[in-house]
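Throughout, a chain's letter reflects where its sequence line sits, starting with A, and its residues are numbered from 1.
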Protein chains: 2
Amino acid sequence: MAVTIADVARTAGVSASTASRAFNHPHRLRAETVARVKAAAEELGFRHNRHAKALSTGRSSALGLIVPDLSNPFFPPLVHATQLNAEEQGYSLYILSSEHNANREQQLARLVSHDVAGLILASPRMSAAQVRVIAREVPTILINAQVKGIPTVLVSAAGAIADAVEDGAEKGISGVSYIGSDERWWPNTEREESARAAAERHGVPYRRLSLSEPTYEAAREVVRSVEIRSHELVVAFDDIVAHGVLDGMGARGYRPPRDFRILGCDDALPISTSPALSTVHLDTRMAARIAVDLLLGEGAGEPQTVVVSGSYRPGATI
Amino acid sequence: MAVTIADVARTAGVSASTASRAFNHPHRLRAETVARVKAAAEELGFRHNRHAKALSTGRSSALGLIVPDLSNPFFPPLVHATQLNAEEQGYSLYILSSEHNANREQQLARLVSHDVAGLILASPRMSAAQVRVIAREVPTILINAQVKGIPTVLVSAAGAIADAVEDGAEKGISGVSYIGSDERWWPNTEREESARAAAERHGVPYRRLSLSEPTYEAAREVVRSVEIRSHELVVAFDDIVAHGVLDGMGARGYRPPRDFRILGCDDALPISTSPALSTVHLDTRMAARIAVDLLLGEGAGEPQTVVVSGSYRPGATI
DNA sequence: GTGAAAGCGCTAACAG
DNA sequence: CTGTTAGCGCTTTCAC
């Protein structure tokens, strides 16, 4: 049916093992032989059977990527970039979505762990203990989470949030409110903590408003019941939450930057709005590249932590 | 290293083939034997090696899904639903993004075609001829595209657009403008054609405004140079284009529904806006379910076409 | 530098 | 109903 390496070997006039070596250990062969085999392969349209290869070598040529929610615009660019980088190294990618459910996430991770050469957990919901269970079964990289001993890429908004608060301070904000979920989830806690620290640094009052979920609707509702103080800077978990706040405040007649100021995060929405939202731009493509590199590159396995810093992107709302 | 079926067989006191049959043809075994094997498997934590299985059976337990653009909010729900349905049937999913590039799409399709049991092409950019090349190599299902002889799921906005135009006609629109890209791409042509037909049916003037790309920015720009006529109904390719139009028109002081009316499509944005956009809701989860079923279910292979009709979802802009 | 042979883990005839 | 045997396509010792 399909073209096998035996076919290639035959038309190249060598044995199957030599044909195999032409691809896997070309330096152990005469250059001329390698060329002949590759020509034959090209001619016949040969492509390795990944299952046979995986079975015989004991390693897979696929990677796994687990995200909490493909529908959140933060993730698709990350997913796509991961795909590109994986592909570049000859790996394909299993993408799985956990629906923000820690148990399902672990279940998915275990499910693919035996079938992939490595696993990338993006903004995982699992506990550190659960992550360690997975990491014991398969090489694992974390994005936006921290577990001791496991290589990590942090897409950090902290510096950018500090810049935004500073910008606000110069314009005379009366305080800082962070609006996010109250979960201990790295993307949330990092942003919350940096907003708090920045407020403190500038000597303005700080508070946290908690959402049951970081959604547009939840954000819109919360500012209906909670008074946003005049000239306050709202630091929203992400752009979606920020727009919920804008909508809720708008319904009450409050507009930024006249009545309050607001900062979003992620800069990944497919649409803009007026006034243009001030936000934090995060380089998820770079994060993906680094994550794949940590998995497959030179120093693979070293439990290093790489931080990719976002940048403050002023709009019209601060 | 890992637990093999031979290990299971040994602890269950049967041969490897019997152990294998316990999973693949349980009805051909005594119930008691099946139970014993499964208990042993459970006890040892056995899991099939998918590569060995694929190699020996000649079929893969993975499906492939190719989308043009993961970042467009239309696709993530479709992707996720496909994943769930595939998983339910014991398949995992390779997700690939073509970046709206026909050649890359075909290249990706060929790349995975040998590794999957079936392929779903969602809103493909490939030509019919290119699709046929792929379909010859692997069972293929089309979503939002039509190629004779290949099973298809159409997520249709036509009826909903007709409903919206009718709603507009009752409110006295002066004409219909369709704003989309000018490509021959099923999602675009279906929407365009249904807008045109509905305008004709209601006896109002129709025109098409073409975008180089169906993006927020392109839409915003086009309404800066093209005059939208008073009380016209703009049928936008999708919600992103619609919001671009809203922004561009808003900058000139025009607001719906006072000055013009507008309909979006897809209903998948993570945020709302005011005024709430009238749009077309499409059931992509259902489409995914059907697509997977067409691939793996009973009548698999039959080149039937299933249409999943969207519904008009009135907001405040019509 | 290259070939022959064995084996990865599993399933599918073929016997019994 | 169950065991024996062969083999999926590839890589890899081990010889030469």
Side-chain angles (χ1 to χ4, degrees), chain A residues 1-41 44-62 90-92 112-117 137, chain B residues 1-41 44-62 90-92 112-117 137:
Chain A
M1 194 66 214
V3 180
T4 75
I5 204 166
D7 300 326
V8 173
R10 198 172 313 114
T11 85
V14 297
S15 73
S17 41
T18 296
S20 173
R21 273 187 283 253
F23 292 103
N24 302 300
H25 309 285
H27 51 285
R28 293 190 192 168
L29 252 44
R30 232 176 24 201
E32 192 269 332
T33 309
V34 173
R36 195 145 41 88
V37 171
K38 295 211 162 169
L44 300 182
F46 166 75
R47 286 162 43 196
H48 285 84
N49 179 316
R50 81 189 296 124
H51 300 298
K53 184 162 189 163
L55 182 56
S56 120
T57 59
R59 359 170 234 285
S60 165
S61 64
Y91 287 78
S92 41
V112 296
S113 64
H114 288 305
D115 302 325
V116 298
E137 296 186 16
Chain B
M1 195 65 214
V3 181
T4 76
I5 204 166
D7 299 326
V8 174
R10 198 172 314 114
T11 85
V14 296
S15 75
S17 44
T18 296
S20 172
R21 272 186 285 252
F23 293 103
N24 301 301
H25 309 285
H27 51 285
R28 293 189 191 168
L29 251 45
R30 228 173 31 199
E32 192 269 331
T33 309
V34 173
R36 195 145 39 88
V37 171
K38 293 209 166 172
L44 301 181
F46 167 75
R47 286 162 45 194
H48 285 85
N49 179 316
R50 82 191 295 123
H51 300 297
K53 184 163 190 164
L55 183 57
S56 114
T57 59
R59 358 171 235 287
S60 166
S61 64
Y91 287 78
S92 42
V112 294
S113 64
H114 289 304
D115 302 325
V116 297
E137 296 186 18

Could you tell me which residues satisfy side chain to side chain contact (heavy atoms under 4.5 Å, CB included) with B/V14, sequence neighbours excluded, listed by chain and number? B/A9, B/A12, B/T18, B/A19, B/T33, B/R36, B/V37
I want to confirm an ordering. Mapping A/A52 and A/G13 to their closest nucleotides on DNA chain C, which one lands closer to the 5' end? A/G13
Give a yes/no on whether any side-chain N or O of A/K53 is located under 4.0 angstrom from OP1 or OP2 of D/dG9. no
A/R30: salt bridge (Lys or Arg N to Asp or Glu O under 4.0 Å) partners, not counting sequence neighbours: A/E32
Return the value, rounded to whole Å, for the distance between atom CG of A/D115 and atom P of C/dG9. 14 Å
Within the sub-3.5 Å range, which N or O atoms of nucleotides 12-16 of chain D have a protein N or O partner, and how far apart are they?
residue : atom : partner : partner atom : Å
D/dT12  : OP2  : A/H25   : NE2          : 3.2

Whole-Å gap separating C1' (D/dT11) and CG (A/N49): 13 Å
B/H51 atom NE2 is separated from C/dT11 atom P, nearest whole Å, by 14 Å
Could you tell me how far apart B/H114 (NE2) and D/dC8 (P) are, to the nearest whole angstrom? 18 Å
What bend angle does the helix from C/dG1-D/dC16 to C/dG16-D/dC1 show across its length, from five-pair end axes and to the nearest 10 degrees? 40°
Out of D/dC10, C/dC10, D/dG3, whichever nucleotide has its closest atom nearest the side chain of B/S15: D/dG3
Euclidean distance, atom CZ of residue A/R10 to atom P of C/dG3 [Å, nearest integer]: 14 Å
Atom CG of B/L55 and atom P of C/dA12: how far apart are they, to the nearest Å? 12 Å
Of all heavy-atom pairs between A/S113 and A/E137, which one has the smallest distance, and what is that distance? OG-OE1, 3.0 Å
Applying side chain to side chain contact (heavy atoms under 4.5 Å, CB included), can you list everything that pairs with B/R28, at least two apart in sequence or on another chain? B/H25
Quick one: which residue pairs count as a salt bridge (charged side-chain N to carboxylate O under 4.0 Å, His left out) with a foot in residues 47-57 of chain B, not counting sequence neighbours? A/D115-B/R50
Counterpart residues, side chain to side chain contact (heavy atoms under 4.5 Å, CB included), relative to A/A6 (two or more places apart): A/T4, A/R10
Checking A/F46 now: which residues fulfil ring pair (Phe, Tyr, Trp, His ring centres under 6.0 Å) with it, not counting sequence neighbours? A/F23, A/H48
D/dT11, OP1 or OP2 - any side-chain N/O from A/H48 closer than 4.0 Å? yes
In whole angstroms, the gap separating C1' of C/dG9 from CG of B/L44 amounts to 15 Å
Residues A/T11 and A/L44: closest non-hydrogen pair is CG2-CD1, 3.7 Å
What's the spacing between B/L29 CG and B/S17 OG if we round to 0.5 Å? 9.0 Å
Kindly say if B/T4 contacts the phosphate of C/dG9, meaning a side-chain N or O under 4.0 Å from OP1 or OP2. no
Choose from D/dC10, C/dC10, D/dT4 the nucleotide whose nearest atom is closest to any side-chain atom of B/F46. C/dC10
Give the nucleotide from the list C/dC10, C/dG3, D/dT4 with an atom nearest to the side chain of B/I5. C/dC10
Who passes side chain to side chain contact (heavy atoms under 4.5 Å, CB included) against A/S56, sequence neighbours left out? none
Expressed in angstrom and rounded to an integer, what is the separation of A/L29 atom CG from C/dG3 atom P? 9 Å
